[in-house]
2 protein chains.
Amino acid sequence: MAELSDDPLRLDNQVCFPLYAATNLLQRLYRPLLTPLGLTYSQYLVMLILWERAPVTVGEIGSCLHLDNGTLTPLLKRMERGGFITRSRDPHDERRVLIAPTPHGQGLREQALKIPDELARDIALAPEETETLRNSVVLLVHLLADDIARKKEAKDSAAVQ
Amino acid sequence: MAELSDDPLRLDNQVCFPLYAATNLLQRLYRPLLTPLGLTYSQYLVMLILWERAPVTVGEIGSCLHLDNGTLTPLLKRMERGGFITRSRDPHDERRVLIAPTPHGQGLREQALKIPDELARDIALAPEETETLRNSVVLLVHLLADDIARKKEAKDSAAVQ
DNA sequence: CCTATTTATATTTCTAGCCATATTATGGCT
DNA sequence: AGCCATAATATGGCTAGAAATATAAATAGG
């Protein structure tokens with residue numbers, strides 16, 4: 001019995017699997033709240049950034065959300081087609097693409113304001129426990145992001161030699 | 001200042017976003033450990049189940065991992081093509097498809113055993129903090145899964161009327 | 001028995017996410 | 001000006017994930 005429950009490969013003993021499952025389930029909960037606005041969850045995250053400040057570059061969005069360019073380019077194009085954002089080259093540096101909300105995109109902020117409340121009702125974790133959870137996951141994200149950045153750097157300098 | 005930091009739409013104040021980011025980053029960390037085995041992260045999760053017990057049905061895998069059939073069917077077909085698993089109809093109930101590891105898939109367990117250690121080194125959370133994190137995310141998963149099941153049931157009974 | 005319902009899986013059509021590679025732009029150097 | 005290293009974004013090819021719908025097998029009611 002101790003044998004089974006100490007098995008590091010046992011699904012119940014993993015940390016990463018619950019994170020993975022929670023993320024999938026959360027996106028399923030967000031969907032019915034976001035589709036009336038015409039947004040997916042990742043698109044909603046982009047709007048959260050743009051509601052804080054705009055314009056931002058594709059690269060800035062990527063480092064905020066920890067997403068790759070190959071993910072963002074098509075996602076932002078869909079958002080442009082949907083009329084949520086504009087994409088325009090920075091005249092001062094034409095390598096950069098500036099992303100800004102359209103008036104319609106900006107206007108959605110009002111409707112988005114009620115989403116956190118609706119979710120809080122569903123999640124039904126004690127506020128204190130939510131805080132604890134948030135803090136440890138935020139810490140984990142920092143550790144992971146640093147670790148991945150370190151590995152990327154190691155790889156890049158190896159590629160130069 | 002208090003205005004800004006109380007904004008529920010601020011990225012820094014969200015619980016779901018760090019979970020989302022952590023999950024993406026974790027999959028990036030897993031990738032270099034799993035590609036030598038020929039597995040993706042979700043495929044690895046399937047193997048974790050099969051290493052505990054086999055055969056299992058597609059539906060059982062789905063409820064363990066909280067994944068949809070539309071996700072699992074192609075995933076399992078890729079795993080079959082890759083020689084990791086077999087898919088066969090249950091002779092007693094031909095609606096069901098039984099999934100079992102091939103000898104090759106079974107053999108990978110040995111190599112997989114070192115993966116949790118390598119990851120623990122990368123994550124570098126204190127063991128106690130890891131435990132706290134795991135417990136709160138597991139709790140969250142239960143709450144979310146129950147909530148979604150409740151909503152699905154409500155929708156299905158509405159469809160009947 | 002036979003039809004109606006339920007159950008299990010598959011299919012279709014989207015959107016996302018990653019890696020590796022390519023394209024274009026900038027800046028510094030000579 | 002011309003060249004080289006670097007930087008920012010785009011592309012292609014793959015795997016995943018979800019909702020809605022379809023197919024086929026099993027079961028229940030009459």
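So that the names make sense, note that chain A is the first sequence line, chain B the second, and so on, each numbered from 1.
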Q | Contact list for residues 132-144 of chain B, test salt bridge (charged side-chain N to carboxylate O under 4.0 Å, His left out), sequence neighbours left out | A | B/Glu131-B/Arg134
Q: Nearest whole angstrom, please: distance from the P of D/dA25 to the NE2 of B/His92.
A: 17 Å
Q: Run the salt-bridge test on B/Arg109 and A/Asp7 with the 4.0 Å N-O cut-off and return the result as yes or no.
A: yes
Q.
Between P on D/dT6 and NZ on A/Lys152, what's the gap in Å once rounded to a whole number?
A. 14 Å
**Q.** Aromatic plane relationship, B/Phe17 with A/His66 - under 30° parallel, 30 to 60° tilted, over 60° perpendicular
**A.** parallel
Q.
Applying the Watson-Crick and G-U wobble criteria at under 3.5 Å, what pairs with C/dT30? Answer none if nothing qualifies.
A. D/dA1
Q) Which nucleotide sits closest to the side chain of A/Thr57: D/dT9, C/dT26, D/dA25? A) D/dT9
**Q.** Nearest-Å distance for atom pair OH/C1', residues B/Tyr44 and D/dT15
**A.** 18 Å
Q) If every non-hydrogen atom of A/Ala22 is compared with every non-hydrogen atom of B/Leu140, which pair is closest and at what distance? A) CB-CD2, 4.3 Å
Q.
So, applying side chain to side chain contact (heavy atoms under 4.5 Å, CB included) with B/Ser136, which one of A/Val137, A/Leu133, A/Thr132, A/Thr130 is it?
A. A/Leu133
Q.
Taking the basic N atoms (NZ, or NE/NH1/NH2) and the acidic carboxylate oxygens, is any pair closer than 4.0 Å for A/Lys151 and A/Asp147?
A. yes
**Q.** Closest listed nucleotide, where the reference is the side chain of A/Val58 and the choices are D/dT9, C/dA25, D/dA26
**A.** D/dT9
Q | Spacing between B/Asp93 atom CG and C/dT7 atom C1', to the nearest angstrom | A | 8 Å
Scan the side chains in residues 69-78 of chain B for donor-acceptor partners under 3.5 Å anywhere in the protein, sequence neighbours excluded, and list what turns up.
residue, atom, partner, partner atom, Å
B/Thr73, OG1, B/Asn69, O, 3.2

**Q.** Phosphate OP1/OP2 of C/dA10: any B/Arg87 side-chain N/O under 4.0 Å
**A.** yes
Q | Distance in angstrom units between B/Leu76 CG and C/dA10 P, rounded | A | 8 Å
Q. For B/Leu72 and D/dA19, what is the distance between atoms CG and P respectively, to the nearest whole Å?
A. 13 Å
Q. Rounded to the Å, how far apart are B/Glu80 CD and C/dT9 P?
A. 14 Å
(Q) Walk along nucleotides 11-19 of chain C from 5' to 3' and tag each nucleotide B, S or - by protein heavy-atom contact under 4.0 Å, base first, then sugar-phosphate. (A) B---SSBBB
Q) In whole Å, what is the span from the CG atom of B/Asp90 to the P atom of D/dA25? A) 14 Å
